[in-house]
Amino acid sequence: MASEVLVPSSPAEAVELFGDGAGTTVVGGGTVVVPEMSYGRLHPARVLLLTRAGLAGITTAGTTVTIGATTSVGALIELEGHVAALAACARNVADYEVRGQATVGGNLCGHGDLQGCLLALDATARSTGAGGVRTEPLEEFLANRGGRLLLDVTFELPAASAFVVLDYPHTHEYTVLAVTGVRTAGGDTRLAATGVAGAGARLRSAEALASDPDAAAAAAASDVTFVDDALASAWYREQTLPVLVRRVLNQLEESA
Amino acid sequence: MNLTVNGVESTIESGPLTSLLDVLRDELGVTSPKAGCEQGGCGACTVIVDGEPRRSCLTPVASVDGASVTTVEGLGSPEDMAPIQQAFTHHYAAQCGFCTSGMMMAAQAYIDRGGSDDPEAIQEALGGHVCRCTGYVKIIDAVGAAARGDSFDMTVTAAGTAMTNLGGVV
């Protein structure tokens with residue numbers, strides 16, 4: 001049966017057509033959903049194609065940055081002079097073409113290379129779905145994102161930020177393990193990891209010890225759950241996380 | 001839906017979720033984009049959409065309705081090859097040829113955005129393209145030569161071998 005394909009031409013229309021999200025498959029850049037359809041693993045009945053929904057773009061108002069959900073991952077590299085960690089994180093995703101096509105929303109709601117970085121930036125997420133549009137901390141959105149359509153994420157420009165990642169075995173692998181560190185304008189330090197169980201995770205125990213990188217590194221493992229997958233074993237991630245935490249804190253110190 | 005492919009405008013009859021790759025190959029008969037992995041990982045289907053290189057296998061055609069698409073067929077002809085095609089030929093940068101169309105489109109886009117002949121920058125630009133003959137050195141040489149604006153003697157390869165001896169273009 002052919003799919004019903006809806007192509008909204010404004011954010012308001014996208015919100016209306018998404019409704020409560022029931023039975024709707026969202027296509028942003030297509031990099032996740034299209035192969036599923038090509039290989040016959042997905043036969044969506046109702047597709048919301050966001051290409052023309054007006055949800056792309058990065059806007060800065062004072063120190064507040066808002067990133068539309070269909071902004072390409074590659075476009076985040078433009079923020080290099082303002083949020084070094086986010087630009088580095090984006091540059092680490094796939095390759096030039098896929099970065100240009102994949103969207104921030106698709107990445108955050110899917111495999112999530114950007115999750116840790118935006119959690120460290122303490123981003124808020126604006127989404128729609130059952131109950132209408134709501135704004136909440138990204139951490140809460142990620143924990144309950146089923147049936148939601150992400151509209152944008154917003155964060156405050158940090159005083160400094162750093163991103164460290166395990167090298168990929170291949171360009172197209174998802175992030176094995178990465179840590180982002182953010183120094184706020186008020187001098188606080190936030191840390192978050194990508195590549196641990198489930199969604200990205202804040203490393204709050206490590207944050208509390210951020211002035212002592214060795215102690216913070218030792219504490220980080222208590223903040224997350226490690227799992228085995230095709231990219232790395234839980235054991236390997238557990239051994240590596242402290243190294244990345246120490247490196248990111250040292251980088252933050254150097255850039256401050 | 002409409003597409004302008006290599007300067008020719010066509011009305012598209014395929015369904016809106018059909019991949020651009022399938023539209024190009026099956027509906028329009030433009031066969032230089034190759035169906036390799038069909039999940040974005042090999043680069044063989046890369047085409048230029050409104051100036052940007054894109055994986056045609058990942059692109060629902062409805063998302064590029066009205067766009068201008070360039071494939072290898074739009075770069076040049078056997079009699080009048082584009083510089084990037086001359087560079088690939090002169091540097092013998094194609095072996096089996098399956099990855100070559102995607103490599104050339106990514107390389108053309110890289111040069112169009114001001115890319116230099118720096119090998120590391122070229123590797124980054126072509127990072128999503130897999131050559132299973134593993135002929136990467138000559139590909140990077142060819143892209144570097146085209147980025148520099150070299151002119152090419154099409155009777156011999158860069159290694160000095162006569163093209164006719166290789167059964168190539170004369």
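Just so we're on the same page: letters track the sequence lines, and every chain starts at 1. What's counted below: heavy atoms across the whole structure, side chains too, no hydrogens, waters or symmetry copies.
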Original post:
Can we say B:Arg54 and A:Glu97 salt-bridge, meaning some charged N sits less than 4.0 Å from an Asp/Glu carboxylate O?
Top reply: no
**OP:** Look at atom CZ of A:Arg247 and say whether more than 12 heavy atoms of other residues, nucleotides or ligands are closer to it than 6.0 Å.
**Re:** no
**OP:** Specify the closest pair of heavy atoms between B:Arg55 and A:Asp95, including all atoms of both residues, with the distance to one decimal.
**Re:** NH2-OD2, 2.9 Å
Original post:
Given a strict heavy-atom distance threshold of 4.5 Å, which part of A:Val27 is in contact with chain B: side chain, backbone, both, or neither?
Top reply: side chain
**OP:** Before accepting this row, confirm whether a basic side-chain N of the pair B:Glu52/A:Arg99 lies closer than 4.0 Å to the acidic partner's carboxylate O.
**Re:** no
**OP:** Could you check A:Val34 against B:Gln39 for side chain to side chain contact (heavy atoms under 4.5 Å, CB included), going step by step and ending with a plain yes or no?
**Re:** CA-CA 8 Å; A:Val34 175; B:Gln39 50 187 337; over 6 Å; no
Original post:
With a 4.5 angstrom heavy-atom cut-off, which part of B:Ala109 approaches chain A: side chain, backbone, both or neither?
Top reply: neither
Original post:
Under a 4.5 Å heavy-atom cut-off, does chain A meet the side chain of B:Asp22, its backbone, both or neither?
Top reply: neither
Original post:
Which pair of heavy atoms, one from B:Leu17 and one from A:Met37, lies closest together, and at what distance?
Top reply: CD1-SD, 3.9 Å
Original post:
Measuring heavy-atom distances to chain A, does B:Val64 have an atom under 4.5 Å in its side chain, in its backbone, in both, or in neither?
Top reply: backbone
Original post:
Are any non-hydrogen side-chain atoms of B:His129 and A:Tyr96 less than 4.5 angstrom apart?
Top reply: no
Original post:
Is it the case that more than 12 heavy atoms not belonging to A:Tyr236 sit under 6.0 Å from its OH atom?
Top reply: no
Subject >> Side chain, backbone, both or neither of B:Ala62 within contact of chain A (heavy atoms, under 4.5 Å) >> reply: both
Subject >> Residue pair A:Ser38 / B:Cys57: nearest heavy atoms and the distance that separates them >> reply: OG-O, 4.4 Å
Subject >> Stepwise side chain to side chain contact (heavy atoms under 4.5 Å, CB included) check, B:Ser63 with A:Leu49 >> reply: CA-CA 7 Å; B:Ser63 72; A:Leu49 185 61; 4.2 Å; yes
Subject >> Under 4.5 Å from any heavy atom of chain A - which part of B:Pro16 >> reply: side chain
Subject >> Closest approach of A:Gln101 to B:Thr59 (non-hydrogen atoms, all atoms of both residues) >> reply: NE2-OG1, 2.8 Å
